Amino acid sequence: MGDSLAGKYGLILGVANKRSIAWSCARALADQGMRLAFNYATERLRGGVEELAAELPGSLVLPCDVTDAAQIDGLFESLKREFGALDALVHAVAFARREELAGDFFDTSREGYMIAHEVSAYSLTAMTRRAVPLMEGRSGSIVTLTYIGSERVIPNYNIMGIAKAALEASVRYLAHDLGPRGIRVNAVSAGPIRTLSASGVAGFSNILDEIASRAPLRRNIDADEVGDVCAFLCSHASRGITGSTLYVDAGYHIMGV
Ligand code: NAD
Ligand code: IMJ
């Protein structure tokens with residue numbers, strides 16, 4: 001454990017269980033001394049998030065479904081009261097209706113399109129807007145999680161690919177807005193990892209096998225490797241990086257054939 005982030009405060013959105021990428025990000029930040037707040041999206045997830053957060057002394061656990069403006073306001077009121085400031089926001093939230101993540105993309109419903117964008121893309125901007133006042137004068141860092149399905153066609157990723165493209169474009173526009181205030185905004189494009197969000201995805205094992213045989217590093221990545229890059233993006237070492245997407249994918253994205 002180092003102390004490069006001692007005295008700093010972070011908000012981690014998207015812990016569902018110990019396999020969540022957000023949990024690896026949290027541990028990497030807490031390892032450097034950052035004090036953290038977590039959200040839970042539904043009451044069903046509350047107990048699990050509280051148990052995990054208890055491993056990191058001084059953590060807060062607060063309700064927040066990112067589609068509910070009143071819950072977002074409540075979360076930031078608590079943060080202002082309890083922390084008074086914010087240095088890092090980690091956004092690791094995505095959702096599309098399960099029926100949209102199979103079959104033809106052109107069958108996407110209007111409602112399914114809207115939900116995927118609201119939860120997976122707009123929520124970054126909604127949370128950033130509330131985070132900015134708490135980051136004023138503190139060199140804040142905002143990190144979100146994306147996937148190569150935004151740039152290339154990945155069977156079944158469907159509407160999530162379109163939402164991730166909007167998320168990555170949002171990163172660039174937010175970086176432009178917030179750079180003058182000393183706040184950086186970046187995305188990490190992670191390779192496939194077995195989490196709750198990957199469970200039940202048709203063909204997931206085949207995709208893992210494909211990465212292991214064709215990625216430059218000839219292996220898959222794990223969530224802790226994403227967490228370490230997230231901590232880098234929240235640290236002084238990355239002070240010159242904003243508006244970027246960094247790949248943590250064993251190099252797979254460089255391959256043509
Ligand atoms: P996960 O299921 O552990 O995390 C997704 C989180 O989103 C959950 O905690 C869930 O509660 C939260 N969420 C969904 N709807 C919400 C809402 N309305 N309000 C608040 N929270 C909500 O899975 P994960 O794989 O850790 O996913 C985290 C991020 O990483 C996502 O953005 C995902 O797209 C991205 N990602 C995942 C992979 C992968 O292969 N697992 C690869 C690249 C990127
Ligand atoms: C998700 C769907 C289809 C293919 C997929 C994925 N591949 C990968 C994922 C190849 C790696 C995981 N991923 C990158 C995601 O962003 C997942 C988002 C997601 C997953 C679910 C499953 C359960 C559900 N809704 C979801 N919404 C978003 O009901």
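We count ligands from 1, going down the list as the structure has it; atoms in each ligand are counted the same way. A quick note: this is a predicted structure, and the numbers were derived from the prediction, not measured.
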> So how far is it from Leu79 CG to Leu62 CG, rounded to the nearest 0.5 Å?
Replying inline: 6.0 Å
> Under 3.5 Å, N or O to N or O, is Thr195 touching ligand 1 that way?
Replying inline: yes
> Picking from Val188, Leu89, Leu167, what satisfies side-chain contact (heavy atoms from CB on, under 4.5 Å) with Thr144?
Replying inline: Leu167
>> Quick test: of every protein heavy atom, which one is nearest to atom 18 (N) of ligand 1, and how far off is it to 0.1 Å?
In response: Asp65 OD1, 3.0 Å
> Closest non-hydrogen protein atom to atom 23 (C) of ligand 2, residue and atom name please, with distance?
Replying inline: Arg98 NH2, 3.3 Å
> Strictly under 4.0 Å, does any heavy atom of Arg194 approach an atom of ligand 1?
Replying inline: no
>> Against Thr146, only a single residue in Glu168, Lys164, Glu151 fulfils side chain to side chain donor-acceptor pair (under 3.5 Å); can you say which?
In response: Glu168
>> Side chain or backbone, does Thr146 bring an N or O within less than 3.5 Å of an N or O on ligand 1?
In response: no
> Just which atoms of ligand 2 are under 4.0 Å from any heavy atom in Asn156?
Replying inline: 3 (C)
>> Checking a contact table here: which protein heavy atom is nearest atom 40 (O) of ligand 1, and how many Å away?
In response: Ile193 N, 2.8 Å
> Where do Ser109 and Glu100 land on the side-chain hydrogen bond (donor to acceptor under 3.5 Å, both in side chains) test, with the steps shown first?
Replying inline: CA-CA 8 Å; Ser109 67; Glu100 307 288 3; 2.8 Å; yes
> What's the shortest distance from atom 21 (N) of ligand 1 to any protein heavy atom, and which residue and atom give it?
Replying inline: Ala41 CB, 3.4 Å
>> Give the atom numbers and elements of ligand 1 that come within less than 4.0 Å of a heavy atom of Val15.
In response: 9 (O)
> Considering only heavy atoms of Pro192, which atoms of ligand 1 have at least one such atom less than 4.0 Å away?
Replying inline: 40 (O)
>> Between Glu225 and Arg219, is the salt bridge (charged side-chain N to carboxylate O under 4.0 Å, His left out) condition met? List the steps.
In response: CA-CA 13 Å; Glu225 294 179 273; Arg219 63 172 178 83; 2.9 Å; yes
> In terms of atom number and element, which parts of ligand 1 are under 4.0 angstrom from non-hydrogen atoms of Cys64?
Replying inline: 19 (N), 20 (C)
> To the nearest 0.5 Å, what is the distance between CG (Asp224) and CD1 (Ile21)?
Replying inline: 10.5 Å
> Where is the nearest protein heavy atom to atom 4 (O) of ligand 1: which residue, which atom, and how far?
Replying inline: Gly14 O, 3.5 Å
>> Using side-chain contact (heavy atoms from CB on, under 4.5 Å), reason through Ile159 and Ile162 one step at a time and then give a plain yes or no.
In response: CA-CA 5 Å; Ile159 188 56; Ile162 287 69; 4.1 Å; yes
>> On a heavy-atom basis, I'd like to know which of Val119, Val49, Asn17 is closest to atom 16 (C) of ligand 1.
In response: Val119
> Do Arg35 and Tyr9 have side-chain N/O donor and acceptor atoms under 3.5 Å apart?
Replying inline: no
> Which pairs pass ring-ring contact (aromatic ring centres under 6.0 Å, His included) with one or both residues in residues 219-257, sequence neighbours excluded?
Replying inline: Tyr247-His253
> Closest non-hydrogen protein atom to atom 37 (C) of ligand 1, residue and atom name please, with distance?
Replying inline: Ile21 CD1, 3.6 Å
> With atoms numbered from 1 as shown, which atoms in ligand 1 lie under 4.0 angstrom from a non-hydrogen atom of Gly191?
Replying inline: 40 (O), 42 (C)
>> Which residue in the set Val90, Leu56, Leu60 passes side-chain contact (heavy atoms from CB on, under 4.5 Å) when paired with Leu36?
In response: Leu56
> Starting from atom 21 (C) of ligand 2, which protein heavy atom do you reach first, and at what distance in Å?
Replying inline: Leu101 CD1, 3.5 Å
> Looking only at N/O atoms, are Ser197 and ligand 1 under 3.5 Å apart anywhere?
Replying inline: yes
> How far is atom 24 (C) of ligand 2 from its nearest protein heavy atom, and which residue and atom name does that atom have?
Replying inline: Ala96 O, 3.6 Å
> At what distance is the nearest protein heavy atom to atom 19 (N) of ligand 1, and which residue and atom is it?
Replying inline: Val66 N, 2.9 Å
>> Please list, in number order, the atoms of ligand 2 under 4.0 Å from a heavy atom of Val201.
In response: 1 (C), 2 (C), 3 (C), 4 (C), 5 (C), 6 (C)
> Does a side chain donor of either Arg184 or Ser238 reach within less than 3.5 Å of an acceptor in the other side chain?
Replying inline: yes
> For Lys164, is at least one N or O under 3.5 Å away from an N or O on ligand 1?
Replying inline: yes
> Do the side chains of Ile241 and Val171 join up, straight or via other hydrophobic residues, at under 4.5 Å, putting them in one cluster?
Replying inline: no
> Is there a path of hydrophobic side-chain contacts, each under 4.5 Å between heavy atoms of I, L, V, M, F, W or Y residues, that connects Ile221 with Leu208?
Replying inline: no
> Under 4.0 angstrom from ligand 1, any heavy atom of Ala223?
Replying inline: no
>> For residues Met127 and Tyr122: do they belong to one hydrophobic cluster (side chain heavy atoms under 4.5 Å, members Ile, Leu, Val, Met, Phe, Trp, Tyr)?
In response: no
> Quick one: which of Ala198, Ala102, Ser197 has a heavy atom closest to atom 22 (C) of ligand 2?
Replying inline: Ser197
> Going by distance alone, is a donor N or O of one side chain under 3.5 Å from an acceptor N or O of the other, for Arg97 and Thr108?
Replying inline: no
> Relative to ligand 2, is Tyr157 under 4.0 angstrom through side chain, backbone, both or neither, heavy atoms considered?
Replying inline: both
> In terms of hydrophobic clusters joined by side-chain contacts under 4.5 Å, are Leu86 and Leu124 together?
Replying inline: yes
>> Among Ala22, Ala92, Ser24, which one puts a heavy atom closest to atom 6 (C) of ligand 1?
In response: Ala92
> What is the closest protein heavy atom to atom 13 (N) of ligand 1, and at what distance does it sit?
Replying inline: Val93 CG1, 3.7 Å
>> Counting only heavy atoms, tell me which of Ile207, Val93, Ile159 gets closest to atom 10 (C) of ligand 2.
In response: Ile207
>> At less than 4.0 angstrom from any non-hydrogen atom of Phe204, what atoms of ligand 2 do you find?
In response: 8 (C), 11 (C)
>> Can you report which non-hydrogen protein atom sits closest to atom 11 (O) of ligand 1, along with the distance?
In response: Leu45 CD1, 3.4 Å
> Stepwise, does the side-chain contact (heavy atoms from CB on, under 4.5 Å) test hold for Met160 with Tyr147?
Replying inline: CA-CA 9 Å; Met160 275 307 306; Tyr147 180 58; over 6 Å; no
